Amino acid sequence: MKYVIIGAVAGGASTAARLRRMDEKAEIIIFEKGEYISYANCGLPYYIGNVIKNRDALFVQTAASFNQRFNIDVRVKTEVVAIDTERKTITAINQVTNNQYTESYDKLVLSPGADPVRPPLPGIGLEGIFTLRNVTDTDYIKSYVDAHKSGKAVVVGGGFIGLEMAENLVHLGLEVSIIEMGNQVLAPVDFPIAAIVQQHIRVKGVDLRLNTSVSGFEKKHNQLRVLLSTGDEIEADVVILSIGVRPDTRLAINAGLQLGNAKGIFVNEYLQTSNPDIYAVGDAIEFANPITKQSMNTYLAGPANKQGRICANNIVLGNKEKYNGAINTAIVKVFDITVATAGTASKHLDSAKIPHIVSTTHSGSHAGYFPGSHQMHIQIAFSPNNGRLLSAQIAGHEGVDKRMEMFSSAIKRNSTIFELMEMEHAYAPPFSSAKDPVNIAGFVAENILNDRMTPFYWNQIENIEIDSILIDVRTKKEHRDGTIPNAINIPLDELRSNLNLIPKDKTIYVFCEVGQRGYLSQRILNQNGFENVNNLSGGYLTWKNCMVESKIKSESSVLFV
């Protein structure tokens, strides 16, 4: 058998290596239009920022080592420009010699990746404006940035790569601005988690501008100027475009392969395209989201590598192993904090019209009495019908990664919040508490699901009824230091002795710092004849974080009385 693979980064390289392990006698050829194969794409921003100092550390394999170890014909700097599905051939051009030739195949694998979005804005071709997608891009950016370490940088786009680039440019000593068209950074997460990230970014001295787009670029007196939709201009020595990517489907379209609703290459559950002899993996494909069932793309190395293994198995053994899709588990370091997500955010569940309940908890990364514990902000969404876990999001310092992997495992298996309650973890004071933050999230969700707690949310406070009662159950000192407007203060420990002051015929909203004392207050009130009691999910801390970053009020000083 003769296998041809187009694209030699995560998905393509994984497919090729697995094919060789499955079939020692096969002829395998892999084409890569770039100079490098199997490199650590996710490490590129950190090499630019000198966190990764050795450039060679970025390369998992070189073309020569890949050939030597796997006996695979690796052809770099060679672009495949056409596929003839009837003759089962591809046409390739060697970019060094300009030689054009054809190559036959028995089975073909497409792993062309995705192209960075580069909109046709005025001046976008000026020197100093870059996208980051591969090693060549990285070398250009690093060389340019090293010559402007005391200058100014503008990052266009507040996604994962944009934030990583902003952090690394700050580390190099540049003055950094982030321009984001949306109303928050990190589109895959919900606003309460993004708000924490945004405040942290601002604390680090980054000029973050939301609800702002770039209208063009100019160069005056050898200085770039970034023109904004607000009418403002920002001077820059270097601009990084991190607006997003789109699937590279040019070959697939010209070959007559079917695309899906998300404009990616359509594949079935075996990663087979509409042509039975052609498979596809990686950023260019689309598949059904396991939660929403809607078509989606995913631009993550983890799923691409897993797809490569499954694809190779199906090519060699016949279509026996199914790919069940990805829930887009992702994590990013943003200066001193870590942000992680898995599943489908509440705002996207709303768009898909999927009923769900949101719960926010705040827990220590390990036992509070052991030095160095940091609070994690955890938001989960789950089904009101059976408690199925639909998403999880965390912002914190240490321990975020292992908690997200616990949540992700439950989401991937269609498990429920009840499993979170029973999930067994490795406990010692330096690593966790006897009740892990994942357990706590499950306990709170179970209380909501079983009507022992009725939550309300930060963005509902402005709309609560005029004749309702808003009670701050924190201490008097906490209340004096900052509270929600119009709240009366009855500390939890004084609540039982002041029940006579609270009218039973009113709707009552209670809150504390993070939600726990509010829950205890709700239980006291419910069991003393107060029927309509609600507890603020995530407490005053979540409300304050969101209000600082939201556009509901123009002056944050008005909010904290």
Side-chain angles (χ1 to χ4, degrees), residues 33-36 39 41 43-50 55 58 77 79 95 113-182 185 187 201 204-248 250 283 299:
K33 64 182 177 181
E35 185 177 354
Y36 306 99
Y39 55 84
N41 200 302
L44 300 181
Y46 298 99
Y47 171 64
I48 292 171
N50 283 337
R55 182 177 180 276
L58 296 170
K77 295 185 179 179
E79 183 176 6
Q95 296 175 338
D115 292 324
V117 174
R118 196 177 175 93
L121 296 173
I124 199 167
L126 291 170
E127 182 184 12
I129 302 175
F130 303 95
T131 57
L132 175 61
R133 190 62 185 167
N134 54 42
V135 176
T136 302
D137 294 339
T138 303
D139 289 338
Y140 285 140
I141 294 171
K142 185 166 180 60
S143 174
Y144 201 86
V145 167
D146 284 347
H148 297 84
K149 283 186 177 179
S150 60
K152 298 179 180 180
V154 173
V155 177
V156 184
F160 288 88
I161 301 299
L163 297 191
E164 288 175 344
M165 279 302 307
E167 175 185 348
N168 280 282
L169 292 171
V170 168
H171 286 168
L172 290 175
L174 279 81
E175 183 181 330
V176 178
S177 298
I178 299 174
I179 310 302
E180 169 55 50
M181 183 185 298
V185 298
I201 291 170
K204 292 299 181 179
V206 174
D207 173 25
L208 174 61
R209 306 195 187 193
L210 303 172
N211 298 300
T212 304
S213 60
V214 174
S215 57
F217 305 92
E218 293 179 352
K219 202 151 196 176
K220 295 181 180 178
H221 310 297
N222 208 34
Q223 184 86 42
L224 277 170
R225 292 182 183 270
V226 183
L227 312 180
L228 305 180
S229 58
T230 58
D232 294 335
E233 297 182 4
I234 303 179
E235 288 188 352
D237 296 290
V238 59
V239 175
I240 306 295
L241 300 177
S242 187
I243 303 170
V245 296
R246 58 171 61 97
D248 183 353
R250 289 167 293 184
D283 295 352
Y299 306 111

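As the structure is a computational prediction, the values presented were derived from the model and not from experiment. The figures that follow rest on heavy atoms only: side chains count, while hydrogens, waters and symmetry mates do not.
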Engineer: Answer yes when Arg250 and Asp115 have at least one side-chain N-carboxylate O distance shorter than 4.0 Å, and no when they do not.
Structural biologist: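 Yes, Arg250 and Asp115 are salt-bridged.
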Engineer: What's the spacing between Leu208 CG and Ser177 OG if we round to 0.5 Å?
Structural biologist: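 Interatomic distance, Leu208 CG to Ser177 OG, rounded to 0.5 Å: 9.5 Å.
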Engineer: Tell me every residue that passes side-chain contact (heavy atoms from CB on, under 4.5 Å) with Lys152, counting only those two or more places apart in sequence or in another chain.
Structural biologist: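 By the side-chain contact (heavy atoms from CB on, under 4.5 Å) rule, Lys152 matches Glu175, Glu235, Asp237.
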Engineer: Measure the CG-CD1 distance between Asp146 and Ile141 for me, rounded to the nearest 0.5 Å.
Structural biologist: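 Going from CG on Asp146 over to CD1 on Ile141, the span is 11.5 Å.
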Engineer: Step through it carefully: locate the ring centre of Phe130, locate the ring centre of Tyr144, and say whether they are under 6.0 Å apart.
Structural biologist: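 That pair passes the under 6.0 Å test.
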Engineer: Side chains of Val226 and Val214, heavy atoms from C-beta outward: is any pair under 4.5 Å?
Structural biologist: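 In short, these two side chains touch, coming nearer than 4.5 Å.
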Engineer: Do Leu241 and Pro116 come close enough that some side-chain heavy atom pair is under 4.5 Å?
Structural biologist: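 Leu241 does not reach Pro116 side chain to side chain.
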Engineer: Any sub-3.5 Å donor-acceptor pair from Glu180's side-chain atoms to Gly158's backbone N or O?
Structural biologist: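 Such a contact is found between Glu180 side chain and Gly158 backbone.
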Engineer: To the closest 0.5 Å, what do you measure between CG (Leu126) and CG (Leu224)?
Structural biologist: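 Separation between the atoms: 6.0 Å.
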Engineer: Working to the nearest 0.5 Å, report the span between CG of Leu132 and CG of Leu44.
Structural biologist: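 Output value for this atom pair is 5.5 Å.
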Engineer: When rounded to the nearest 0.5 angstrom, what is the spacing between CD1 in Ile234 and CG in Leu228?
Structural biologist: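 CG of Leu228 is found 4.5 Å from CD1 of Ile234.
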Engineer: Evaluate the side-chain proximity of Leu227 to Glu218: yes if any heavy-atom separation is below 4.5 Å, no if none is.
Structural biologist: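 Yes. Closest side-chain heavy atoms under 4.5 Å.
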Engineer: Within the 4.5 Å heavy-atom criterion, are Ile129 and Arg118 side-chain neighbours or not?
Structural biologist: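 Side chain of Ile129 against side chain of Arg118, heavy atoms only: contact under 4.5 Å found.
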Engineer: What is the distance from atom CD1 of Ile240 to atom CE of Met165, rounded to the nearest 0.5 Å?
Structural biologist: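 CE of Met165 is found 4.0 Å from CD1 of Ile240.
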